[in-house]
Protein chains: 2
Amino acid sequence: MSVTARGSLAEALSLRGIRLTRQRRLLLEVLDNAPGHLNARELLQAARRTDPTIDRATVYRTLHLLKTGGLVDELDLLHLEGEEHYYERRRTGDHVHLGCPQCGTISEFETDLVLELSQEVARREGFTATGIRIEVRGICKACSEAQVG
Amino acid sequence: MSVTARGSLAEALSLRGIRLTRQRRLLLEVLDNAPGHLNARELLQAARRTDPTIDRATVYRTLHLLKTGGLVDELDLLHLEGEEHYYERRRTGDHVHLGCPQCGTISEFETDLVLELSQEVARREGFTATGIRIEVRGICKACSEAQVG
DNA sequence: GTCGTGAATGCAACTGAGTCGCAACTGATG
DNA sequence: CATCAGTTGCGACTCAGTTGCATTCACGAC
């Protein structure tokens, strides 16, 4: 349950010579345990439930750190939920975000096509992908079934 | 060269019962003739070269209209060039944006994998894609060649 | 052509995400 | 435990994007 128990994020930080402060540990924990995608405001709110003194600027600075370190991915989820950015822990399996504007649901989908795409980009363009973001907008199964009957 | 000559955007608007005002015609023309991707501020600046009285609010309202009408796609280009959104005319061929943080170049890449992806999403999830956005971050050919020698 | 009307515009004030400078504090290291 | 560069909290700031409202305009009816 704690980040230090799971290890990787905190370890990755200290490996990069980044100081592990109380605030960073807390933010990592919140990100790790979040059920869905969080934006900066939600991350701040959640963190303040544990440490009410943590500041907005710290959240932004930490997110920036995690982004450039490749530990967290920044998404906007097709602006289905708002204009802000959302953040998620970077995982090993690349995945696609599916957003349905009708019900507002964001789901995830894993497919080898993501890997194939980065390979094709490398083969045909000589472009070495370090990160890939795929967001699909459309009508989810539940909504299309509800529409038909 | 003019939007009305090319037709589709302006036509598509009037088909939807959307009034074709002087300002909208101008914005469509600018978008159509733009060499790369424009953000709202750049679009405003470019439009003001022709009509100095056009307002920021009109630009945002028009972009919103074009987005929801599916005539324009909104991108953030992995925030390589800034935190704002960028806009491009929606075309028939789906394409992928390749962004290189080292040189700041955004290039485009067409591949059947985009179509395959939307088909796989439909087959495996029952999700009917209406729009798809793929942004790849990585090292472009020029930069990796420059690095090696 | 001109008229009437609802839609669109310009303007100015506002909201809220994200940034920055700085003084106070603190985690890692010896 | 002393040191100090890196980090935090704070408050002020920037700027993208929105909104309410009075004025203007596109466009169909006549």
Side-chain angles (χ1 to χ4, degrees), chain A residues 3-4 9-28 30 37-48 50-69 72 74-87, chain B residues 3-4 9-28 30 37-48 50-69 72 74-87:
Chain A
V3 169
T4 41
L9 257 182
E11 263 170 38
L13 277 189
S14 59
L15 278 177
R16 286 156 211 250
I18 296 173
R19 226 180 254 182
L20 190 56
T21 65
R22 177 171 47 88
Q23 293 89 341
R24 286 180 186 162
R25 191 191 309 270
L26 172 57
L27 290 172
L28 296 179
V30 171
H37 303 98
L38 296 178
N39 61 25
R41 182 175 38 80
E42 291 163 345
L43 178 57
L44 174 63
Q45 281 173 357
R48 279 198 165 154
T50 301
D51 174 3
T53 71
I54 196 169
D55 194 72
R56 211 169 12 133
T58 302
V59 170
Y60 285 113
R61 286 188 280 232
T62 302
L63 282 175
H64 192 74
L65 205 70
L66 298 174
K67 261 191 315 188
T68 54
V72 153
E74 185 183 64
L75 316 163
D76 62 22
L77 300 180
L78 298 163
H79 300 301
L80 252 48
E81 305 182 345
E83 288 297 311
E84 324 82 37
H85 295 132
Y86 293 82
Y87 299 90
Chain B
V3 169
T4 42
L9 258 182
E11 262 170 38
L13 279 189
S14 60
L15 278 176
R16 286 156 210 249
I18 296 174
R19 234 179 248 183
L20 189 56
T21 65
R22 177 172 45 90
Q23 293 86 342
R24 286 180 186 162
R25 191 193 308 271
L26 171 57
L27 290 172
L28 296 179
V30 172
H37 303 98
L38 296 178
N39 61 23
R41 183 176 36 80
E42 291 163 345
L43 178 56
L44 175 63
Q45 281 173 355
R48 278 197 165 155
T50 302
D51 174 1
T53 71
I54 196 170
D55 195 72
R56 211 169 13 137
T58 301
V59 170
Y60 284 113
R61 286 188 280 233
T62 302
L63 282 175
H64 192 73
L65 204 71
L66 297 175
K67 262 191 313 189
T68 55
V72 154
E74 185 183 65
L75 316 164
D76 62 23
L77 300 181
L78 299 163
H79 300 301
L80 253 47
E81 304 182 348
E83 288 296 312
E84 323 83 38
H85 294 130
Y86 293 81
Y87 300 90

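Naming convention: chains lettered A, B, ... in sequence-line order (proteins, then strands); numbering from 1 in each chain.
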Query raised in the report: Checking A/R48 side chain against A/I54 main chain: does a donor-acceptor pair fall under 3.5 Å?
Result: yes
Query raised in the report: In terms of the nearest nucleotide of DNA chain D, which residue is placed more toward the 5' end: B/R22 or B/E74?
Result: B/E74
Requested in this report: Starting at atom CG of A/D55, determine the distance to atom C1' of D/dG9, rounded to an integer number of angstrom.
Outcome: 5 Å
Report summary line: note: B/Q23, atom CD; D/dT23, atom C1'; distance rounded to Å ~ 13 Å
Query raised in the report: Can you check the A/D51 CG to D/dT8 P distance for me, whole Å?
Result: 11 Å
Report task. Check every strand shown and say whether B/R24 touches a base, only sugar-phosphate, or nothing at a heavy-atom separation below 4.0 Å. Result -> sugar-phosphate
Query raised in the report: Could you give the CG-to-P distance, from B/D76 to D/dG17, as a whole number of Å?
Result: 11 Å
Report summary line: B/H85 NE2 to D/dC15 P, in whole Å, measures 18 Å
Query raised in the report: Among all residues two or more places apart in sequence or in another chain, which pass the salt bridge (charged side-chain N to carboxylate O under 4.0 Å, His left out) test with A/R41?
Result: none
Requested in this report: Indicate the atoms forming the closest heavy-atom contact of B/V59 with B/A40, along with that distance.
Outcome: CG1-O, 3.9 Å
Requested in this report: Rounded off to whole Å, could you give me the CG-to-P distance for the A/L27 and D/dT8 pair?
Outcome: 9 Å
Query - Least distance between heavy atoms, A/N39 atom then A/Y86 atom - result: N-CD2, 3.7 Å
Query raised in the report: Does the D/dG17 base have a donor-acceptor partner in the side chain of B/R56 within less than 3.5 Å?
Result: yes
Requested in this report: Using only side-chain N and O atoms of A/T53, determine if any of them is under 4.0 Å from OP1 or OP2 of D/dG9.
Outcome: yes
Query raised in the report: Is the shortest side-chain N/O distance from B/Y60 to OP1 or OP2 of D/dG17 below 4.0 Å?
Result: yes
**Report entry** 4.5 Å side-chain heavy-atom contact, B/Y87 and B/L63
**Finding:** yes
Query raised in the report: D/dT7 P sits how many Å from A/L63 CG, rounded?
Result: 15 Å
Report task. Classify the side chain of A/R61 and the base of D/dG9 as holding, or not holding, a donor-acceptor pair under 3.5 Å. Result -> yes
Query - Integer-rounded Å distance: D/dA16 C1' and B/L43 CG - result: 14 Å
Requested in this report: Could you tell me from which nucleotide to which nucleotide of DNA chain C, 5' to 3', there is an atom under 4.0 Å from chain A heavy atoms?
Outcome: C/dA17 to C/dA28
Query raised in the report: Hey, are the side chains of B/D51 and B/R22 touching, using non-hydrogen atoms and a 4.5 Å cut-off?
Result: yes
Query raised in the report: Taking A/R24 for the side chain and A/R19 for the main chain, is one N or O donor matched with an acceptor at less than 3.5 Å?
Result: yes
